[in-house]
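Heads up, the thing below is written out as structure tokens.
Position 1 is the first residue of the sequence; numbering continues from there.
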Amino acid sequence: MINKKPTLEKVTPSFGSSILVKQHLERVDKNNAFWHFHPELELVYVNKGQGKTHIGNHLSYFNNSQLILIGANLPHNGFADRLTANGSETTVQFKSNCLGDYFVNIPEMANVSALFARAEKGIRFGIETKRVVGPIIDTLTELQGLKRIISFLKILNYLANTEDYTLLNADGIAFETNPQDSDKIKVIYKYINSNFQDHIALDEIADKVSMTVPAFCRYFKKTTGKTFTQMVNEYRIVHATKLLNESQMSIADICYECGFNNFSHFNKQFNDITGKSASQYRKEIKHIIQ
């Protein structure tokens with residue numbers, strides 16, 4: 001999983017279009033993925049695939065499909081690490097006022113405006129919504145002009161009125177970041193990504209960005225809203241959810257495989273981060289990640 005301090009991504013729709021629609025039909029190279037944000041909202045539909053989701057403070061693993069809406073300036077990274085047969089990942093990026101300031105403020109758009117506000121925390125939609133909306137999203141790549149906009153509005157209308165969703169990021173951490181911080185945070189996150197299964201001493205990681213330990217701790221907390229230990233533990237728990245789903249390893253073996261050296265500490269961290277025990281997660285995951 002590649003995670004970094006969010007860098008500003010410039011989103012440019014093609015000439016004559018107010019929204020940007022992209023579709024991946026082949027294996028996605030996550031070596032080029034980066035932790036980023038942009039003023040556009042982003043709707044992501046994976047119809048058949050597997051991957052990790054990191055949106056704001058939320059980290060999870062999915063296996064099969066997912067439909068998510070990411071709010072403006074909400075940092076994210078992902079999504080599909082592997083697309084299965086006939087799998088695709090379609091993204092739609094758009095500004096809340098892409099059809100004009102007046103249009104988004106008319107009474108008929110009130111529910112859609114409320115949807116955009118909820119998206120600031122990240123939204124994952126459920127099975128029924130994926131079934132209805134997913135195919136429409138996929139067809140956006142085949143449409144142009146007004147036909148695309150009409151279809152897009154149908155999608156927004158459905159998403160705005162369904163109750164079949166979960167908010168992903170209870171804290172909501174939309175970023176306005178200083179560009180010069182990006183390289184330093186990139187080094188930190190890349191190092192965590194490569195070494196989270198081992199012990200990472202604070203002086204070791206602080207040295208990577210030429211900082212003292214106290215300065216590093218203050219910087220990391222101010223930049224991410226978390227301590228370095230919290231972030232490493234989140235990496236480990238996300239990896240644990242993947243192993244719980246994909247392997248037959250015992251929970252004790254998964255604990256040590258993910259970098260924890262104390263089983264009770266692993267259980268506490270897993271419960272704190274996911275809201276349930278590892279054994280309960282393993283029982284429920286087939287239903288949760290449909």
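At a threshold of 4.5 Å between non-hydrogen side-chain atoms, the residues Thr91 and Glu42 count as touching. The side-chain heavy atoms of Thr90 and Lys22, taken from C-beta on, include no pair separated by under 4.5 Å. Contact check for Gln93 versus Leu41: no side-chain heavy atoms found under the 4.5 Å cut-off. At least one side-chain heavy atom of Asp138 sits less than 4.5 Å from a side-chain heavy atom of Gln23. Side-chain atoms of Ile200 and Phe228, non-hydrogen and from C-beta on, do get closer than 4.5 Å to each other. For the pair Ile123 and Thr166, the minimum side-chain heavy-atom distance is 4.5 Å or more. Inter-residue side-chain proximity for Leu20 and Phe94 is flagged as unmet; no heavy-atom pair is nearer than 4.5 Å. Taking 4.5 Å as the limit, every side-chain heavy atom of Val132 sits out of range of all side-chain heavy atoms of Phe125.
When all heavy atoms are compared, the tightest approach of Tyr45 to Lys130 is OH-O, 4.2 Å. Closest approach of Cys258 to His239, counting heavy atoms only: SG-CD2, 3.7 Å. Scanning both residues, Arg282 and Leu244, for their nearest heavy atoms gives NE-O, 3.2 Å. A pairwise comparison of heavy atoms in Leu243 and Ser247 identifies O-OG, 2.6 Å as the closest pair. Taking each heavy atom of Phe216 and Ala206 in turn, the nearest pair found is CB-CB, 3.8 Å. The two residues Glu204 and His199 make their nearest non-hydrogen contact at OE1-O, 4.0 Å.
Lys226 and Glu234 are joined by a salt bridge, as a carboxylate oxygen and a charged side-chain nitrogen come within less than 4.0 angstrom of each other.
In this structure, a donor-acceptor pair under 3.5 Å is absent between the side chains of Thr162 and Asp164. Donor-acceptor pairing under 3.5 Å is lacking for the side chains of Ser65 and Asn47. Defined by atom type and a distance below 3.5 Å, a donor-acceptor pair is present between the side-chain atoms of Asp253 and Ser250. Under the 3.5 Å distance criterion, with hydrogens and angles disregarded, a donor-acceptor pair is assigned to the side chains of Thr53 and Gln66. No donor-acceptor contact under 3.5 angstrom links the side chains of Thr229 and Thr227, judged on distance only. In summary, the side chains of Tyr235 and Gln197 do not present any donor paired with an acceptor at a separation below 3.5 Å, with no hydrogens or angles considered.
Here CZ of Phe152 is found 4.0 Å from CG of Leu156. Values are rounded to the nearest 0.5 Å. To the nearest 0.5 Å, atom CD of residue Glu89 and atom CD1 of residue Ile137 are 11.5 Å apart. Ile251 CD1 to Ser277 OG: the interatomic distance, rounded to the nearest 0.5 Å, is 7.0 Å. Rounding to the nearest 0.5 Å gives a distance of 7.5 Å between CG of Leu167 and CZ of Arg118. Between atom CG of residue Leu43 and atom CG of residue Leu67 there is a gap of 5.5 Å, rounded to the nearest 0.5 Å. In this structure, CG on Asn262 lies 10.5 Å from CD on Gln269, to the nearest 0.5 angstrom.
Judged by distance alone, the side chain of Asp207 and the main-chain N or O of Asp203 form no donor-acceptor pair under 3.5 Å. No donor-acceptor pair closer than 3.5 Å links the side chain of Arg124 to the backbone N or O of Ile68.
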Q: Show your reasoning for whether side-chain contact (heavy atoms from CB on, under 4.5 Å) applies to Met231 and Phe196.
A: CA-CA 10 Å; Met231 183 63 72; Phe196 70 89; over 6 Å; no
Q.
Quick one, Val232 with Asn195, criterion side-chain contact (heavy atoms from CB on, under 4.5 Å). Give me CA distance, side-chain angles, the key distance, then yes/no.
A. CA-CA 9 Å; Val232 173; Asn195 297 278; over 6 Å; no
Side-chain donor-acceptor contacts of residues 105-117 below 3.5 Å, not counting sequence neighbours, with atom names and distances?
{"residue": "Asn105", "atom": "ND2", "partner": "Asp101", "partner atom": "O", "Å": "2.8"}
{"residue": "Asn111", "atom": "ND2", "partner": "Asn161", "partner atom": "OD1", "Å": "2.8"}
{"residue": "Ser113", "atom": "OG", "partner": "Val104", "partner atom": "O", "Å": "3.2"}
{"residue": "Ser113", "atom": "OG", "partner": "Met109", "partner atom": "O", "Å": "3.2"}

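Sorted by first and then second residue, the ring-ring contact (aromatic ring centres under 6.0 Å, His included) pairs with a member in residues 240-263 read Phe260-His265, Phe260-Phe266; sequence neighbours excluded.
Seen from the ring of Tyr219, Lys184 counts as a face-on cation partner, given the 6.0 Å and 45° thresholds.
The cluster map of Ile, Leu, Val, Met, Phe, Trp and Tyr, joined by side-chain heavy atoms under 4.5 Å apart, puts Ile136 and Leu143 in different clusters. In terms of hydrophobic clustering, with Ile, Leu, Val, Met, Phe, Trp and Tyr side chains grouped at heavy-atom distances under 4.5 Å, Tyr158 and Val21 are assigned to a common cluster.
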